[in-house]
There are 2 protein chains.
Amino acid sequence: MASEGTIRAIERTFRIAEFLGTHGPVGLSAIATGLELPKSTVYRHLRTLEGEGYVTDDEGNYALSLRFLDLGERARGRHSEYRLAAEKVGELADRTAERAQFTIEEHGRAVYVHQQMGANAVRADTYPGKRVPIHTSAAGLAILSHYPRRRIDAIVDRHGLEAMTPRSITDPETLHDRLQRTRERGYSINDQGVIEGLRAIGAPVIGSENTVIGGLSISGPINRIEGQRLDEELPSLLLGATNELELDITYQ
Amino acid sequence: MASEGTIRAIERTFRIAEFLGTHGPVGLSAIATGLELPKSTVYRHLRTLEGEGYVTDDEGNYALSLRFLDLGERARGRHSEYRLAAEKVGELADRTAERAQFTIEEHGRAVYVHQQMGANAVRADTYPGKRVPIHTSAAGLAILSHYPRRRIDAIVDRHGLEAMTPRSITDPETLHDRLQRTRERGYSINDQGVIEGLRAIGAPVIGSENTVIGGLSISGPINRIEGQRLDEELPSLLLGATNELELDITYQ
DNA sequence: GGGAGCGTTTCACCACGCGAAACGCTTAGG
DNA sequence: CCTAAGCGTTTCGCGTGGTGAAACGCTCCC
């Protein structure tokens, strides 16, 4: 029935949790109709989630509990590399006055792990834990550029090349061209592939045994990320920070 | 069997997730023995969690995925009050140079929602999503001080008065005394009730219709949180920030 | 005062989650 | 070099536990 040997009740419960995450505090019936599930089933799931402390019930308005934040922070703290990366993200944000982030690949998608706004950084709805198609983000491209071909193909097969803007990469040839150029110059460029008007550069963070830990990136508006700043100043800062981070990780 | 009408499979899955959260990346057998569950059962749960993207499998080493962080951040963003509180936490941390935090009550426990370290703040393993017994924290006492008696009693009945340090409050009489003093002076004091050597003051944040949203607090080492600073300077800053926050919330 | 909507409860059914056991595989040790 | 221990994975028959249609009581608003 389901994929294979997986537990349907758990899949449903996470669908309910995700529904609560996107639709905010909401009542039982809205969930049931939104997910096309019987009310009694949703009710039982919510009772269970509430009993476990993962959902709050404010007079029939169900919402996600902060226990998810607890687990999320534990997930973020699971590797010391992520903590070291947070410091470098802070430095980059301070020195460039733009937004800086550290991103990893998880299940074939790019996930923001740390993010910091510099003094002039533009607002954007990126937050830790947010996922984007890996081929659209600068850090994602940087990560992919160090993956073996078969692993890249597997990700493309699984997720396709979904566009987030008209300038997103959408065909495999362009992707591999961009990855090749990324390898050559050591950093990637995302030109308005995630958000229009926003440009970013990214660099892969290599750990021990030549594995990719994740990617550091700097992003800002196209009118500031251009010319000599785009070609020299920011890449130099980014690659410097990446290099320092790699040393931190090796000799922590 | 279980509480009543709840779904056992879901309870187990969260126990597995929590195990991964506290024990870091770990293998299947360790989970099975740690939770006293058959390997095949744990395996099925892990496969489901991995399929849903909530667990990562790095060559047999299972770990929590950052999807939990995604849900957690959504939980934190569910109320605009929490976002406004974040700004005030930042201001308090900057102006006092200590650690400031915004805390709410969830399922009878105090949960840190926002936290910021000031210039001189001491390190502590408090992070967003972390839960502590509500009667031990300054913000928790502040919140309780505005709850009706029956609601306080219900929480005490449910969770007891667990001590975190020898100076934690452990009997109901002392608790109600402290709450009464909190009401009188408008702010609470936690003298080394959570961590030895750490003192904190907290104030309740009152929303519309006289309901308590949460609590703001400032914490630091006992040698800096004392004398005139403890009695006047910090309470004044704290109550000022709380008042501003309440206005922000009302007229947002 | 009636009807629509809500969250909750009930109940019989049989799919589905369960766990003992067996299975390959890798690793370590004699 | 062979064995044994340990790992993650797979199998399979059992029976329970998750399921969903339906009914229930309640509040709110015509």
Side-chain angles (χ1 to χ4, degrees), chain A residues 1-21 23-65 78 106-107 154 209 211, chain B residues 1-21 23-65 78 106-107 154 209 211:
Chain A
M1 274 296 130
S3 304
E4 203 165 312
T6 55
I7 301 168
R8 192 180 54 167
I10 293 169
E11 291 163 357
R12 287 180 168 182
T13 252
F14 279 108
R15 235 168 286 143
I16 291 171
E18 288 156 14
F19 188 90
L20 290 177
H23 293 76
V26 75
L28 167 67
S29 295
I31 305 170
T33 55
L35 296 176
E36 297 183 359
L37 287 172
K39 280 198 297 176
S40 57
T41 298
V42 175
Y43 181 70
R44 211 174 317 109
H45 280 254
L46 286 171
R47 286 266 299 191
T48 308
L49 285 166
E50 213 261 341
E52 294 293 301
Y54 287 89
V55 154
T56 59
D57 173 8
D58 181 19
E59 296 170 4
N61 274 338
Y62 294 95
L64 292 180
S65 136
R78 75 188 164 197
E106 219 178 57
H107 296 113
E209 314 216 353
T211 58
Chain B
M1 273 296 131
S3 306
E4 202 164 310
T6 56
I7 301 169
R8 191 180 56 167
I10 292 170
E11 290 164 357
R12 286 181 167 181
T13 253
F14 279 108
R15 234 168 285 142
I16 291 171
E18 288 156 13
F19 188 90
L20 290 176
H23 293 76
V26 77
L28 168 66
S29 295
I31 304 169
T33 56
L35 295 177
E36 297 182 359
L37 288 171
K39 279 198 298 176
S40 57
T41 298
V42 176
Y43 181 71
R44 210 176 315 110
H45 280 253
L46 286 171
R47 286 266 300 192
T48 308
L49 286 166
E50 213 261 341
E52 294 293 301
Y54 287 89
V55 154
T56 60
D57 174 8
D58 181 19
E59 296 170 4
N61 274 340
Y62 294 95
L64 292 180
S65 135
R78 75 188 163 195
E106 219 178 57
H107 295 112
E209 317 217 349
T211 59

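Reminder, nothing fancy here: chain letters follow the sequence lines and each chain counts from 1. These numbers come from a predicted model, not from an experiment.
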Take the protein atom CZ of A/R8 and the nucleotide atom C1' of D/dG18, then report the distance between them rounded to whole Å.
-> 7 Å

Heavy atoms under 4.0 Å, any strand shown: does B/L28 hit a base, just sugar-phosphate, or nothing?
-> base

Please check if any side-chain donor atom of A/T48 sits under 3.5 Å from a side-chain acceptor atom of B/E11, or the reverse.
-> no

Between C1' of C/dA22 and OH of B/Y43, the distance in whole Å = 15 Å

Main-chain N/O of B/L37 paired to B/T41 side chain as donor or acceptor, under 3.5 Å = no

Between A/V26 and B/L37, who's closer to the 5' end of DNA chain C by nearest nucleotide?
-> A/V26

Just call it for A/S40: base, sugar-phosphate, or nothing, with non-hydrogen atoms closer than 4.0 Å on any strand.
-> base

Roughly, in whole Å, what's the span from NE2 in B/H45 to C1' in D/dT9?
-> 16 Å

Does the side chain of A/N61 reach to within under 4.5 Å of the side chain of A/T56, using non-hydrogen atoms?
-> no

Between A/N61 (CG) and C/dC6 (P), how many Å, whole number?
-> 12 Å

Under 3.5 Å, is there an N or O donor on one side and an acceptor on the other linking the side chain of A/R44 and the base of D/dG20?
-> yes

Would you tell me if any nitrogen or oxygen in the side chain of A/S29 comes within less than 4.0 Å of OP1 or OP2 on C/dG5?
-> no

Quick one: does A/S65's side chain get under 4.5 Å of A/V55's, heavy atoms only?
-> no

For C/dG19, take OP1 and OP2 only and decide whether either is under 4.0 Å from a side-chain N or O of B/R12.
-> yes

Atom-to-atom span, CD1 of A/I7 to C1' of D/dG18 - whole angstrom | 12 Å

Is the A/F14 ring parallel, tilted or perpendicular to the B/F14 ring (thresholds 30°, 60°)?
-> tilted

Gap between atoms CD and P, on B/E59 and C/dC25 respectively (whole Å) | 18 Å

Could you state the CD1-P distance from A/I10 to D/dG18, rounded to the nearest angstrom?
-> 10 Å

Side-chain donor/acceptor contact of B/K39 with base of D/dG8 under 3.5 Å | yes

Round to a whole Å and report the spacing from CD1 of B/I31 to P of D/dG8.
-> 8 Å

